[in-house]
Number of protein chains: 2
Amino acid sequence: MARKASLSGFPELLPEERLVENHVLDTLRETFELHGFSNIETRSVETVDQLLRKGEIDKEVYGISRLLDDEADLVPSKKEKEKLALHFDLTVPFARYVVENAGYLNFPFMRYQMQKVWRGERPQDGRFREFTQADVDVVGDGALDFRYDVELALVVVDALSKLKIGDFKLRVNNRKLSEGFYKGIGLDDTAGVLRSIDKLEKIGAEAVAQLLKDELGATDEQAQAALALAQIRAEDTSFVEQVRALGVEHELLEQGLIELETVVGQAAKRAPGRVIADLSIARGLDYYTGTVYETVLVGHEKLGSICSGGRYESLASNGKRTFPGVGLSIGVTRLVSRIIAENMASASRKVPTAVYIALTNDEMWADAQDIAVALRDRGIACEVSANAAKFGKQIKYAEKRGIPFVWFTSKDDAGQLVHEVKDIRSGEQVSADPASWVPADDDLHVQVTAAE
Amino acid sequence: MARKASLSGFPELLPEERLVENHVLDTLRETFELHGFSNIETRSVETVDQLLRKGEIDKEVYGISRLLDDEADLVPSKKEKEKLALHFDLTVPFARYVVENAGYLNFPFMRYQMQKVWRGERPQDGRFREFTQADVDVVGDGALDFRYDVELALVVVDALSKLKIGDFKLRVNNRKLSEGFYKGIGLDDTAGVLRSIDKLEKIGAEAVAQLLKDELGATDEQAQAALALAQIRAEDTSFVEQVRALGVEHELLEQGLIELETVVGQAAKRAPGRVIADLSIARGLDYYTGTVYETVLVGHEKLGSICSGGRYESLASNGKRTFPGVGLSIGVTRLVSRIIAENMASASRKVPTAVYIALTNDEMWADAQDIAVALRDRGIACEVSANAAKFGKQIKYAEKRGIPFVWFTSKDDAGQLVHEVKDIRSGEQVSADPASWVPADDDLHVQVTAAE
């Protein structure tokens, strides 16, 4: 990814970089499954109708149409709802999937989904036109226990910790808390206040105060109160007292306080320092109704949030039934591109191969294949040399790829095979039996390790 | 997949069906890596220019364009080469990737790639508009040892055998053999003959003979000779004598015979009965120049080939350098849809969870989370009940999903936690320690097993 993509916004990785990405994806998958989440994939396309249903016209959607059908697409009678487009996130497709398959699913339904999504935005640092997201959500039928809001914080903290990408902070807030507080101080356009507060990091407190006064008609006192709330941060439940000290009362505020206290309290106990209450988190225009989450990689704050989400009172609905949900989405490509660009982690070799089986002469190729079968049976990845080039050249083949071992076979005077295996890093060469030899654990598979 | 897709040609799986697909993908990945192949992904889009470069105008390509940019697309000045489309296979993108990244890759470059591709064809049994392919190829810089033609047959036979999908036949032929033979009998339009022979299974020998005579001006004798060649099949190298018995001589034929003898001879030794020489295999319009492969699932011949490929003298070229390759492509969606539709394999449970941790009362939720952490530390997937419903209801939650174990915790008179775990299939309930209890190996992870 240090190389320039040949098509702007559509990054492609070299094999050794893909090892890092696969390590991230494998770690996420393993963690999500340890927490009981099932994997699904949804189709890459939705009807245009479906994608714009939530008014998400600000997303840059890619429509698709058969090239041979170009003219048909220009016929105005082609119905909008039959037009197809690539999905721009995994939430809208998941909501449709839940409604369509509600009769086949068990609720609460815990699922994770790791797929590519597309947005035709202007590419820039950390923003791509094709990228991978990893979403993890729980969705209920009619109701969903609040405890899943805690569970979701714990699963992503577990997953991100296992990635060993350094320190990160899961910043949590609660919409009920914010909205209740704004109503309590007499600002009823809570969406408007949230939109302004969302700009706090970008434009600063003074400018936000001005916005609140100019656009929402807030008094100086109201603006200062809203800002005072947004400035509260805590790694434990001490934020509750700080909010109470502001002297605002509202039923919704009270509900939100209890919810956020539960999430942060449990998280502080299980992952000290990872989860903080941050009462400035607003999550812009997204339609959350309770807990909201954002995650920053410490030292990489400019990258933006690498994992965000929240609680929806109604993730999906089919008119009769409503499906509330809570979940988060990890920006895998954003994260991996940064890991690679800054060498935050790297692979121990370029290829899966642990053993390169050299050829002494071309007649021994079939013997070499027998050795390969014996090694693979024990899970040892190996390649057989395609020809009996000079040993120096065969060793160089392995060296270039970082393959740790080269296997040599010759015949003794009695015509028996004699095996030796060389660790080409140390130069050490020892007798070995294809039926029993094993490499050290660290050499068996490619290791992806974080830079210290 | 028994359910009808809500968008024709765009199948979606239920979580328990996705377990089967993931099992297939995991097995392929594991096998490819054991043989030393590296994973890459290419972007989903290519320029229209690139996709049509090989004259593949018979593929139904999906173009993409930003919805907000609709009008710009109608402006005729928009250059064709800037238009983007979804890839319809993984070979064209791989060829471009190799040329673009040649300076960063080690040749011979062994790669596998498992991604979605799109074709706007009319959906029918085994044909989809969005589907997953798994490609495995080796590509050389300037030259590529013939032995990789054998290696590729061995890796796919290994992979398909491990899938336990029942008997299959990898049918192998060689373009040099066929073309040399046709030239030897005086039919110089070898592409024309191949196109006709390709229809053998569909329209029968008599109709093919007529085609050869009508369209290529073949004599009755030439047509019969071409058909005689196409009727040769053998599970070992005996086909060589059968071809020689037809009394045709040509240098290219001789080369092809030696190559096919090597592939089938080695394969017959290592995977008896799996690989057959089938001299009718033509692979239609694809631009192969040596070995060609097709694979049928025995008893599911109507499904068509589930794994096809061959040798290209020039997979890619940048003008100065030529990159020959050999590889195969497995139709994962075609295969998985059949496995699911005919219950050829199934998952031992619907979810990854092995242990459902029940709640005796709501106050014990934090204790239950501690138990979950202890179990997950040993790789045991578990979920904590979100509320202290009646035990019967909690057990039902596990039963519905096929979760084998439910964990119960209570407090004794001294306030100490007492743990028991119940196998809800047998009803057996025993004392257990969260720090050391492990389920049987078969219960630890979801097992996907073939129907016997």
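Atom set for the values below is all heavy atoms of this structure, side chains included, hydrogens, waters and symmetry mates excluded. Per chain, numbering begins at 1; letters A, B, ... match sequence-line order.
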Worksheet item: Where on Phe146(A) is there a heavy atom nearer than 4.5 Å to chain B: the side chain, the backbone, both, or neither?
Response: neither
Fill in: Nearest non-hydrogen partners of Arg29(A) and Asn22(B), listed with the distance
NH2-CB, 4.1 Å
Practice prompt. Identify the two heavy atoms, one from Pro352(B) and one from Phe37(A), that lie closest to each other, and give their separation to 0.1 Å.
Written response: CG-O, 3.0 Å
Discussion item. For Ala366(A) versus Lys269(B), what's the shortest heavy-atom pair and its separation?
Written reply: CB-NZ, 3.7 Å
Worksheet item: Of the backbone (N, CA, C, O) and the side chain (C-beta and beyond), which part of Arg270(A) lies under 4.5 Å from a heavy atom of chain B, both, or neither?
Response: side chain
Worksheet, complete the sentence: Turns out that what part of Tyr148(A) lies under 4.5 Å from chain B's heavy atoms comes down to side chain
Practice prompt. Using the side-chain contact (heavy atoms from CB on, under 4.5 Å) rule, take Leu7(A) and Gln50(B) through it: C-alpha gap first, then chi angles, then the decisive distance, then the call.
Written response: CA-CA 12 Å; Leu7(A) 201 60; Gln50(B) 181 77 27; over 6 Å; no
Worksheet item: Between Gln369(A) and Leu154(B), does a side-chain contact (heavy atoms from CB on, under 4.5 Å) hold up when you go through it step by step?
Response: CA-CA 10 Å; Gln369(A) 287 288 342; Leu154(B) 296 179; 3.8 Å; yes
Fill in: Which portion of Glu33(A) sits near chain B, non-hydrogen atoms under 4.5 angstrom
both
Discussion item. With chain B as the partner, which of Glu21(A), Arg129(A), Glu100(A), Glu16(A) has the greatest number of non-hydrogen pairs under 4.5 Å?
Written reply: Glu100(A)
Worksheet item: Roughly how far, to the nearest 0.5 Å, is the OG1 atom of Thr42(A) from the CD atom of Glu12(B)?
Response: 5.5 Å
Worksheet entry | Gap between atom CG of Asp145(A) and atom CH2 of Trp365(B) - 0.5 Å precision | 10.5 Å
Discussion item. Which atoms of Val355(A) are under 4.5 Å from chain B, going by heavy atoms: the side chain, the backbone, both sets, or neither?
Written reply: neither
Item to complete: Find the distance between CG (Leu105(A)) and CG (Leu14(B)) and round it off to the nearest 0.5 Å.
Response: 6.5 Å
Worksheet entry | Interface moiety of Lys400(A) toward chain B, non-hydrogen atoms closer than 4.5 Å | both
Item to complete: Assess whether side-chain contact (heavy atoms from CB on, under 4.5 Å) is satisfied between Ser6(B) and Arg96(A), documenting all intermediate values.
Response: CA-CA 10 Å; Ser6(B) 63; Arg96(A) 176 197 44 79; 3.9 Å; yes
Item to complete: Please determine, among Asp26(B), Val351(B), Leu19(B), the option with the most heavy-atom pairs under 4.5 Å with chain A.
Response: Asp26(B)
Worksheet item: Given the options Glu30(B), Arg147(B), Glu383(B), which has more heavy-atom pairs under 4.5 Å with chain A than any of the others?
Response: Arg147(B)
Worksheet item: Which bit of Arg378(A) is near chain B, if near means a heavy-atom gap under 4.5 Å: side chain, backbone, both or neither?
Response: neither
Worksheet, complete the sentence: Pair count under 4.5 Å, heavy atoms only, with chain B: among Tyr97(A), Tyr397(A), Phe10(A), Tyr62(A), highest is Tyr62(A)
Fill in: Point-to-point distance, once rounded to the nearest 0.5 Å, from CG of Asn39(A) to CZ of Arg18(B)
4.5 Å
Discussion item. Please classify the contact of Val446(A) with chain B as side chain, backbone, both or neither, using a heavy-atom distance under 4.5 Å.
Written reply: neither
Item to complete: Could you tell me which portion of Phe131(A) (side chain, backbone, both or neither) has an atom closer than 4.5 angstrom to a non-hydrogen atom of chain B?
Response: neither
Discussion item. Which one wins on heavy-atom pair count under 4.5 Å against chain B: Ala85(A), Ala372(A), Pro15(A)?
Written reply: Pro15(A)
Worksheet item: Of the backbone (N, CA, C, O) and the side chain (C-beta and beyond), which part of Gln115(A) lies under 4.5 Å from a heavy atom of chain B, both, or neither?
Response: side chain
